[in-house]
Amino acid sequence: MALLYPKVSVCKKINKTHDLFWMGRINAEKDLVSAIKIAQKLQRKLCIAGPVEDREYFNAHVEPLLTDSIYYIGHLKHDELFTQLAKSCLFLATSKWNEPFGLTTIEALAHGIPVVGFKTAIPEELRFSNVCTALNNVDEAVSAIKKLGKVSPQACQSFAKNFDFNVTVSNYEAEYAALI
């Protein structure tokens, strides 16, 4: 049986104002601290968005690391979140737990944003060329980002189109037809 994917829509080009971007539920298993460490080691800015799911984790581990270059913009509505995502140059996927699909990864790619992150955050079916690179830890991610050349938004979006709603529906229809 083929692997079937959720709906994702490819977006249009927007001017970049953020460098690195991280989004998700803020808790220990999503490992925002690793994204912050990556940004610090690279001496690059990191924009953070998402709901604070674990206030103790945020207060103890994230908030003390926030600076002018590592900044939290809050829990945004979807339209605003995707506007901010589209303004970034690179998405960091740092979840410690094995993501069953990695929807934020596909959302970043659909917005033309390459992804670098951990193997636990980026399922194997989402790893592709240099548009979506999966590594083991902070140091490997830093090294990969330093070596990462220019990745075209079109390459990211082209790969993300494999997970488009219409493609997903066609895959479901083909699977159902094969069962009949």
Side-chain angles (χ1 to χ4, degrees), residues 6 8 11 14-127 130-148 151 156 160 163:
V8 174
C11 77
I14 295 177
N15 291 329
K16 308 293 182 187
T17 56
H18 300 308
D19 189 2
L20 306 176
F21 196 83
W22 185 98
M23 66 179 174
R25 292 177 290 114
I26 299 175
N27 61 38
E29 70 184 6
K30 293 294 187 172
D31 198 13
L32 171 55
V33 170
S34 285
I36 293 170
K37 288 178 183 176
I38 291 167
Q40 289 172 330
K41 287 184 176 209
L42 291 167
Q43 297 181 333
R44 290 175 67 176
K45 290 185 176 187
L46 173 64
C47 180
I48 301 161
V52 176
E53 187 175 88
D54 182 339
R55 180 56 64 182
E56 287 181 28
Y57 170 79
F58 182 84
N59 292 344
H61 301 285
V62 175
E63 196 168 39
L65 301 175
L66 297 178
T67 65
D68 289 341
S69 61
I70 309 288
Y71 52 98
Y72 175 59
I73 59 174
H75 180 195
L76 308 175
K77 293 181 179 182
H78 274 91
D79 289 346
E80 181 59 21
L81 177 65
F82 294 138
T83 297
Q84 296 303 316
L85 169 64
K87 293 178 181 180
S88 65
C89 297
L90 181 68
F91 179 72
L92 299 177
T94 56
S95 180
K96 287 182 187 177
W97 76 296
N98 290 312
E99 292 284 351
F101 178 69
L103 186 57
T104 57
T105 295
I106 286 295
E107 290 167 338
L109 293 169
H111 284 80
I113 313 301
V115 178
V116 171
F118 298 156
K119 290 179 180 177
T120 49
I122 304 171
E124 199 166 323
E125 63 270 13
L126 301 184
R127 301 172 195 168
N130 63 345
V131 303
C132 192
T133 306
L135 304 135
N136 293 305
N137 56 49
V138 168
D139 290 332
E140 287 181 13
V142 167
S143 179
I145 293 168
K146 285 180 179 178
K147 295 175 188 172
L148 188 66
V151 179
C156 298
F163 306 93

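Just the heavy atoms: all of them, side chains too, but no hydrogens, waters or symmetry mates, feed the values below. All values reported here derive from a predicted model rather than from experimental measurement.
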Distance from [X] atom [atom1] to [Y] atom [atom2], nearest 0.5 Å?
X: I106; Y: L103; atom1: CD1; atom2: CG; value: 8.0 Å
X: I48; Y: L66; atom1: CD1; atom2: CG; value: 5.5 Å
X: L46; Y: S88; atom1: CG; atom2: OG; value: 10.0 Å
X: W22; Y: S95; atom1: CH2; atom2: OG; value: 8.5 Å
X: C47; Y: I73; atom1: SG; atom2: CD1; value: 3.5 Å
X: L92; Y: F21; atom1: CG; atom2: CZ; value: 10.5 Å

Original post:
More than 12 heavy atoms of other residues, nucleotides or ligands under 6.0 Å from CG of N136: is that the case?
Top reply: yes

Considering only heavy atoms from C-beta outward, does the side chain of [X] approach that of [Y] to under 4.5 Å?
X: L135; Y: K119; answer: no
X: K146; Y: L42; answer: yes
X: F91; Y: M23; answer: yes
X: E125; Y: F101; answer: yes
X: I26; Y: P51; answer: no
X: K41; Y: V138; answer: yes
X: R127; Y: I122; answer: yes
X: F163; Y: L109; answer: no

**OP:** Please test V115 against L126 for side-chain contact (heavy atoms from CB on, under 4.5 Å), starting from the C-alpha separation and ending with a verdict.
**Re:** CA-CA 10 Å; V115 178; L126 301 184; over 6 Å; no

**OP:** Mind running side-chain contact (heavy atoms from CB on, under 4.5 Å) on F82 and L76 for me, showing each step along the way?
**Re:** CA-CA 9 Å; F82 294 138; L76 308 175; over 6 Å; no

**OP:** Would you check, one step at a time, whether the test side-chain contact (heavy atoms from CB on, under 4.5 Å) holds for H61 with L65?
**Re:** CA-CA 7 Å; H61 301 285; L65 301 175; 6.0 Å; no

Original post:
Does a donor on one side chain sit under 3.5 Å from an acceptor on the other, for W97 and T120?
Top reply: no

Original post:
Parallel, tilted or perpendicular: which fits the ring planes of Y71 and H18, with parallel below 30° and perpendicular above 60°?
Top reply: tilted

Original post:
At their closest point, which heavy atom of C89 faces which heavy atom of P114, and how far apart are they?
Top reply: O-CD, 3.4 Å

Subject >> Closest heavy-atom pair and its distance - A121, A93 >> reply: CB-O, 3.5 Å

**OP:** Decide yes or no on side-chain contact (heavy atoms from CB on, under 4.5 Å) for I70 and K45, but give the supporting numbers first.
**Re:** CA-CA 6 Å; I70 309 288; K45 290 185 176 187; over 6 Å; no

**OP:** Output yes when K30 and E99 qualify as a salt bridge under the 4.0 Å nitrogen-oxygen rule, no when they do not.
**Re:** yes

Would the distance check show the side chain of [X] and the main-chain N or O of [Y] forming a donor-acceptor pair, the cut-off being under 3.5 Å?
X: R44; Y: L20; value: no
X: S143; Y: D139; value: no
X: T94; Y: D31; value: yes
X: R25; Y: D54; value: no

